[in-house]
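To start, the structure itself, in structure tokens.
These numbers come from a predicted model, not from an experiment.
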Amino acid sequence: ATEAEAKAAATLKHCERDVARQQTQIDKYENGALAAVQKDNEELARQALEAQVQAEKTMEFLRRNLEIAGGALEKATLSRKKIQQQLEELRTKKDEILTRARVAKVHKKIQSTVNGTVGSGDSILDAVARLETKIEETEAELEIQASFTGEGTNPSLEKRLEELSNEAEIDKRLSELRQKAKDSKNE
């Protein structure tokens, strides 16, 4: 389309030059006829006027060519713009299709994951329970890893507090047992 537009523009320029040259020729014949009349040379004036009439007929033909060339340029320009617009629309459509394809792929992956966790006889609740178990196992693994690396809350402090609590409970129960034993001896 760009090449057609360039050719049409070149043709239009060529036609414009032809029209300008022809107008110069018409003016030349008119001036020659006027000069011949002023010199009382009617025969030369007639020849000049006859040449002017022929040149004006040629000018009509050249002006029609100029109009046609102008129309061709306009048409080529419109065609190029339309093609550019269509290309832009295609680029936009391509981007839209690629986005939709990515979204569909993600949805399909999610669906296959959900379908993969639900067996033929299982309910969705069973699948959720299995997923919950997997998450709890993963969290437990992370807690164990954190206790080894010293990350997260201070596990050694929590462990010591729990041990103190257990010791207090054991001491209390031991004290109760001693009291029972003492009471049973006294009986």
Side-chain angles (χ1 to χ4, degrees), residues 1-31 51-159:
T2 305
E3 187 178 321
E5 185 179 15
K7 285 181 181 180
T11 301
L12 181 67
K13 292 249 187 237
H14 181 72
C15 288
E16 287 172 345
R17 281 193 298 266
D18 286 348
V19 166
R21 275 194 297 260
Q22 193 65 24
Q23 186 60 51
T24 302
Q25 196 67 26
I26 290 170
D27 293 342
K28 180 179 164 187
Y29 290 140
E30 184 178 356
N31 291 337
Q52 182 184 10
V53 168
Q54 286 301 321
E56 287 172 351
K57 286 181 182 177
T58 302
M59 177 65 105
E60 287 176 29
F61 174 76
L62 292 175
R63 283 193 176 138
R64 279 194 302 257
N65 284 347
L66 181 63
E67 284 179 31
I68 292 169
L73 177 60
E74 187 177 320
K75 187 175 181 182
T77 301
L78 289 174
S79 177
R80 178 189 51 82
K81 287 179 181 179
K82 184 177 181 181
I83 289 172
Q84 284 177 331
Q85 180 184 5
Q86 289 173 341
L87 283 173
E88 190 58 37
E89 288 172 3
L90 284 174
R91 284 186 193 106
T92 303
K93 185 115 177 141
K94 177 193 82 165
D95 292 343
E96 179 184 319
I97 288 170
L98 288 174
T99 301
R100 286 174 51 202
R102 286 186 205 111
V103 169
K105 186 176 180 181
V106 168
H107 283 298
K108 185 176 182 181
K109 191 171 185 177
I110 290 169
Q111 191 64 36
S112 69
T113 301
V114 170
N115 288 341
T117 60
V118 179
S120 60
D122 296 338
S123 71
I124 191 74
L125 295 176
D126 293 334
V128 170
R130 281 194 303 276
L131 287 174
E132 195 172 36
T133 303
K134 285 182 183 179
I135 290 170
E136 288 171 356
E137 288 173 1
T138 303
E139 288 173 344
E141 288 175 14
L142 289 174
E143 284 180 20
I144 291 170
Q145 288 175 357
S147 69
F148 287 132
T149 60
E151 294 177 357
T153 60
N154 194 341
S156 57
L157 175 62
E158 288 180 14
K159 190 173 183 179

To the nearest 0.5 Å, atom CG of Leu90 lies from atom CG of Asp95 at 11.0 Å
The reported gap from CD in Glu89 to CD in Gln86 (rounded to nearest 0.5 angstrom) is 7.0 Å
In terms of heavy-atom contacts, Cys15 and Leu66 come closest through CB-CD1, 3.8 Å
Those residues at least two apart in sequence (or on a different chain) that pass salt bridge (charged side-chain N to carboxylate O under 4.0 Å, His left out) with Arg63 are none
*asked:* Would you say Arg80 and Gln84 are linked by a side-chain donor-acceptor pair, where the criterion is simply a distance under 3.5 Å?
replied: yes
When rounded to the nearest 0.5 Å, the distance separating CD of Glu56 from CD of Gln54 is 10.0 Å
Requested in this report: Might you work through the salt bridge (charged side-chain N to carboxylate O under 4.0 Å, His left out) test for Glu60 and Lys57, ending with a clear yes or no?
Outcome: CA-CA 5 Å; Glu60 287 176 29; Lys57 286 181 182 177; over 6 Å; no
Here the pair of heavy atoms bringing Ala55 nearest to Ile26 is CB-CG1, 3.6 Å
The reported gap from NZ in Lys94 to OG1 in Thr99 (rounded to nearest 0.5 angstrom) is 10.5 Å
To the nearest 0.5 Å, atom CG of Leu73 lies from atom CD1 of Ile68 at 14.0 Å
### Message
Is any side-chain heavy atom of Thr77 closer than 4.5 Å to one of Glu74?
### Response
no
Residues, nucleotides or ligands: over 12 heavy atoms within 6.0 Å of Glu3 CD = no
Between Lys105 and Arg102, is the side-chain contact (heavy atoms from CB on, under 4.5 Å) condition met? List the steps.
CA-CA 5 Å; Lys105 186 176 180 181; Arg102 286 186 205 111; 5.6 Å; no
> Do Asp18 and Gln22 get their side chains close enough for a donor-acceptor pair, meaning under 3.5 Å?
Replying inline: no
Separation between CG (Leu62) and CZ (Arg17), nearest 0.5 Å, reads 13.0 Å
Ignoring hydrogens and angles, tell me if any N or O in the side chain of Thr11 forms a donor-acceptor pair with the backbone of Lys7 under 3.5 Å.
yes
Query raised in the report: Would Lys81 and Gln85 satisfy side-chain contact (heavy atoms from CB on, under 4.5 Å), going step by step from the backbone distance to the final call?
Result: CA-CA 6 Å; Lys81 287 179 181 179; Gln85 180 184 5; over 6 Å; no
Gln25 side chain reached by Arg21 side chain, heavy atoms, under 4.5 Å: no
